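Down below is the structure, laid out as structure tokens.
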Amino acid sequence: MADVPSDAPQHCPGTSSEQAGKTSSCQGCPNQNLCASGATKAPDPAIEEIAVKMLSVKHKILVLSGKGGVGKSTFSAHLAHALAGDSNKEVALLDVDICGPSIPRIMGVEGEQVHQSGSGWSPVYVEDNLAVMSIGFLLSSPDDAVIWRGPKKNGMIKQFLRDVDWGDLDYLVVDTPPGTSDEHLSIVQYLSSAHIDGAVIITTPQEVSLQDVRKEIRFCRKVKLPIIGVVENMSGFVCPKCKNTSEIFPSTTGGAERMCEEMNLTLLGRIPLDPRIGKSCDEGKSFLAEFPESPAALAYRSVVHVPTHTDTHTETHAYTH
Amino acid sequence: MEQNNVTCFSAEGGNLALVKHVVLILSGKGGVGKSTLTTELALALRHTGKKVGILDVDLCGPSIPRMLGVGRQEVHQCDSGWVPVYTDAQKSLALMSIGFLLEDPDEAVVWRGPKKTALIGQFVSDVAWGELDVLLVDTPPGTSDEHLAVLENLKKQHKVDGAILVTTPQAVSTGDVRREITFCKKTGLSILGIVENMSGFVCPHCSECSNIFSKGGGEELAKLTGSIYLGAVPLDPLLCTSIEEGKDFIQTFPDSATFSAINIIAQTLLTCLQNS
């Protein structure tokens with residue numbers, strides 16, 4: 001059964017929710033008895049379907065942060081670009097930020113359309129070996145708002161994982177919205193029978209950010225999602241005129257380094273602020289390609305080198321320029 | 001920190017009956033400074049003598065308690081519901097956030113939409129705000145359960161004056177905020193104006209201004225969508241540190257360009273609310 005059936009009332013809790021059939025909104029719904037019986041909470045068959053689909057995807061990396069605006073999408077996009085720099089690798093970037101899909105713009109493919117065929121939805125190709133999927137491609141106007149409650153967002157994520165014709169992939173990078181809610185639970189749930197290599201957690205140096213990121217780390221541990229490491233983004237700004245460094249987002253509590261020590265995590269690296277990063281994202285260009293010798297690009301390269309070494313039992317993948 | 005006593009106001013007509021104005025702080029985009037701006041606007045409004053409340057409905061990432069330096073407070077009950085946490089003895093600034101209901105500050109709130117909707121309903125109707133000039137509602141990024149819940153519940157109880165939308169100058173940000181504007185239009189929520197945050201950084205060493213997150217996007221967005229442009233707030237590490245430490249930036253740096261910018265926005269907001 002669909003998570004939110006078409007004949008469900010407005011505040012349907014979702015057929016797989018613990019409250020299915022039991023909330024006040026369920027009164028009068030034609031599915032109420034079925035939901036209350038527990039039949040709809042049987043494992044979603046999509047989980048197995050997705051597991052089969054994911055057999056052709058060697059590595060799956062989630063990019064998370066409890067905090068918004070720390071650079072998850074920027075990092076995801078550049079991780080994807082960096083991995084696709086090896087033309088022998090097939091890479092895909094899946095954007096599950098349903099309300100704020102930034103990936104199409106950042107990857108320079110805003111306005112592209114997704115096509116459906118017998119083998120599923122075809123993703124949008126940025127390069128021959130780099131594919132992208134986002135709800136952004138399903139919206140007809142940049143003003144369209146996706147005003148969906150949780151169950152409907154979950155359904156979309158399920159479709160993205162089950163119905164996109166990715167082909168054989170070496171890497172699937174998943175960009176997520178901030179928080180620890182429906183999207184995050186759904187991704188973990190739907191990929192539960194497929195092996196996820198782990199999560200890269202993005203933060204800025206501030207405690208206001210770390211506060212939320214610690215919750216995300218707790219979430220990962222709760223759902224047994226391995227954490228590859230933490231990236232401290234927006235870590236210092238070098239003035240282009242006088243070359244002095246300013247800490248624009250100061251770390252009053254030791255930044256990501258102390259948090260990683262306290263929580264026994266790997267600090268993958270620090271990436272400085274560079275106005276050209278934002279500009280590249282706005283223009284849909286790869287910052288790594290545009291400004292390869294900049295301190296921020298070198299920092300990115302040093303960071304993205306690491307997630308490719310997640311599985312030491314098979315091949316190791318060295319990032320090649 | 002102030003210990004709350006448990007007497008509270010019991011207003012006929014519900015807990016929002018004595019709240020004069022309700023303003024939502026929205027953005028489609030995360031990390032643009034909604035919570036920071038909510039906090040600073042509240043402090044600026046209080047500075048002018050107004051009684052202010054903040055309702056923090058960001059359940060996954062509640063930042064406001066830290067920003068106001070109220071840390072871990074217990075929330076008390078009274079006949080009318082929950083007593084908000086006050087930042088001072090004069091009760092000039094009241095706050096409610098899920099942050100106060102968590103035993104462990106690092107505890108993740110891993111809830112799906114329906115559970116978030118239910119708590120937000122309680123936050124809207126069961127907090128005994130008493131008399132307030134302005135209630136600011138800080139929201140998480142997006143156009144989903146929290147936003148629908150807070151709006152639906154507010155509308156049942158009270159006229160919602162409108163929303164302030166926060167963006168940074170970049171297209172990646174304004175791109176999301178355009179969708180939030182559509183959300184406002186579809187739900188009949190007035191847009192009181194757009195604020196461009198993180199608008200330029202002046203190097204403290206040489207005074208060179210760098211447009212770290214690009215330039216002009218907020219004003220362009222306002223023009224494009226026919227909204228009022230409330231103004232720009234610069235990137236200011238002193239504001240960031242102040243917020244981190246829960247200090248009152250306005251008292252510490254009253255002469256800063258940042259305070260001046262926030263004050264103008266607060267004054268414009270007050271004028272707009274008084275005229276409506």
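We name chains A, B, ... by the order of the sequence lines, and we start the count at 1 in each one. Just so it is clear, the model here is predicted, and its values are computed rather than measured.
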Between the side chain of B:Thr182 and the main-chain N/O of A:Ala145, is any donor-acceptor distance below 3.5 Å? no
Proximal component of A:Val70, with respect to chain B [non-hydrogen, under 4.5 Å]: neither
Select one option (side chain, backbone, both, neither) describing which atoms of A:Cys239 are under 4.5 Å from chain B's heavy atoms. side chain
Chain A interface, residue from B:Ile181, B:Thr143, B:Leu239 that has the most non-hydrogen pairs under 4.5 Å: B:Thr143
At a 4.5 Å cut-off on heavy atoms, which part of A:Thr245 comes close to chain B: side chain, backbone, both, or neither? backbone
Applying side chain to side chain contact (heavy atoms under 4.5 Å, CB included) between A:Lys241 and each of B:Cys206, B:Ser210, B:Cys203, report the one that passes. B:Cys206
What part of B:Lys186 gets closer than 4.5 Å to chain A, counting heavy atoms only: side chain, backbone, both or neither? side chain
Go through the atoms of B:Asp104 and report whether side chain, backbone, both or neither lie under 4.5 Å from a heavy atom of chain A. side chain
Under the criterion side-chain contact (heavy atoms from CB on, under 4.5 Å), I'd like the reasoning laid out for A:Asp282 against B:Ser214: C-alpha separation, chi angles, the key distance, then a yes or no. CA-CA 9 Å; A:Asp282 278 358; B:Ser214 193; 4.1 Å; yes
Side chain, backbone, both or neither: which part of A:Leu139 has a non-hydrogen atom closer than 4.5 Å to chain B? side chain
Chi angles and distances behind the side-chain contact (heavy atoms from CB on, under 4.5 Å) call for A:Glu247, B:Cys240: CA-CA 10 Å; A:Glu247 296 298 326; B:Cys240 293; over 6 Å; no
Pair count under 4.5 Å, heavy atoms only, with chain B: among A:Leu185, A:Leu273, A:Ile277, highest is A:Leu185
Give, as side chain, backbone, both or neither, the part of B:Leu102 having an atom under 4.5 angstrom from any heavy atom of chain A. side chain
Applying a strict 4.5 Å limit to non-hydrogen atoms, the region of A:Arg149 in contact with chain B is both
Which atoms of B:Phe183 are under 4.5 Å from chain A, going by heavy atoms: the side chain, the backbone, both sets, or neither? both
Using a cut-off of under 4.5 Å on heavy-atom pairs, state which of B:Glu107, B:Lys29, B:Met67, B:Lys185 scores highest against chain A. B:Glu107
Proximity breakdown for A:Lys153 and chain B, heavy-atom pairs closer than 4.5 Å: side chain
Among A:Arg276, A:Arg218, A:Arg214, which has the most heavy-atom pairs under 4.5 Å with chain B? A:Arg218
Straight-line distance of A:His184 NE2 to B:Arg112 CZ, nearest 0.5 Å: 11.5 Å
Could you tell me which non-hydrogen atom of B:Thr241 sits nearest to which non-hydrogen atom of A:Pro250, and how far apart they are? OG1-CG, 3.1 Å
Contacting region of B:Lys34 [heavy-atom separation from chain A under 4.5 Å]: neither
Chain B contact via A:Asp182 - side chain, backbone, both or neither, heavy atoms under 4.5 Å: both
Taking the side chain as C-beta and beyond, is there a heavy-atom pair between A:Asp144 and B:Arg179 under 4.5 Å? yes
Relative to chain A, which segment of B:Pro237 carries a heavy atom at a distance below 4.5 Å: side chain, backbone, both, or neither? both
Heavy-atom contact with chain B under 4.5 Å, split by part of A:Ser186: both
If you count heavy-atom pairs within less than 4.5 Å of chain B, which of A:Trp148, A:Phe237, A:Phe219 leads? A:Phe237
How many angstroms lie between NZ in A:Lys215 and SG in B:Cys60, if you round to the nearest 0.5 Å? 9.0 Å
Got a second to check how far A:Thr253's OG1 is from B:Glu244's CD, nearest 0.5 Å? 6.5 Å
If we define contacts as heavy-atom pairs under 4.5 Å, which of B:Ala118, B:Pro62, B:Gly33, B:Gly28 has the most with chain A? B:Pro62
Where does A:Ile106 contact chain B at under 4.5 Å (heavy atoms): side chain, backbone, both or neither? side chain
Between CD of B:Glu245 and CD of A:Glu207, what distance do you get to the nearest 0.5 Å? 11.0 Å
Residue B:Pro140 versus chain A: region with a heavy atom under 4.5 Å: neither
For B:Lys247, is the NZ atom crowded, meaning more than 12 foreign heavy atoms sit under 6.0 Å from it? no
Which region of B:Asp106, side chain (C-beta onward) or backbone (N, CA, C, O), has a non-hydrogen atom less than 4.5 Å from a non-hydrogen atom of chain A, or is it both or neither? both
In terms of heavy-atom pairs under 4.5 Å, which option from A:Ile217, A:Thr204, A:Asp274, A:Asn244 contacts chain B the most? A:Asn244
Residue part contacting chain B, namely of A:Ser246, when any heavy atom lies under 4.5 Å: side chain
Residue pair B:Pro114 / A:Thr23, side-chain heavy-atom distance below 4.5 Å: no
Residue among B:Pro169, B:Ala171, B:Ala108 with most heavy-atom pairs under 4.5 Å to chain A: B:Ala171
Between B:Ser144 and chain A, with a heavy-atom cut-off of 4.5 Å, which part of the residue counts as in contact: side chain, backbone, both or neither? both
Which atoms of B:Thr187 are under 4.5 Å from chain A, going by heavy atoms: the side chain, the backbone, both sets, or neither? neither
Structural part of A:Ile147 lying under 4.5 Å from a heavy atom of chain B: both
Any B:Pro141 side-chain heavy atom under 4.5 Å of A:Cys99 side chain: no
Best-contacting candidate, B:Thr174, B:Asp176, B:Asp58, B:Ile212, against chain A by heavy atom pairs under 4.5 angstrom: B:Ile212
Please work out which of the three classes, parallel, tilted or perpendicular, describes the rings of B:Phe213 and A:Phe249, given edges at 30° and 60°. tilted
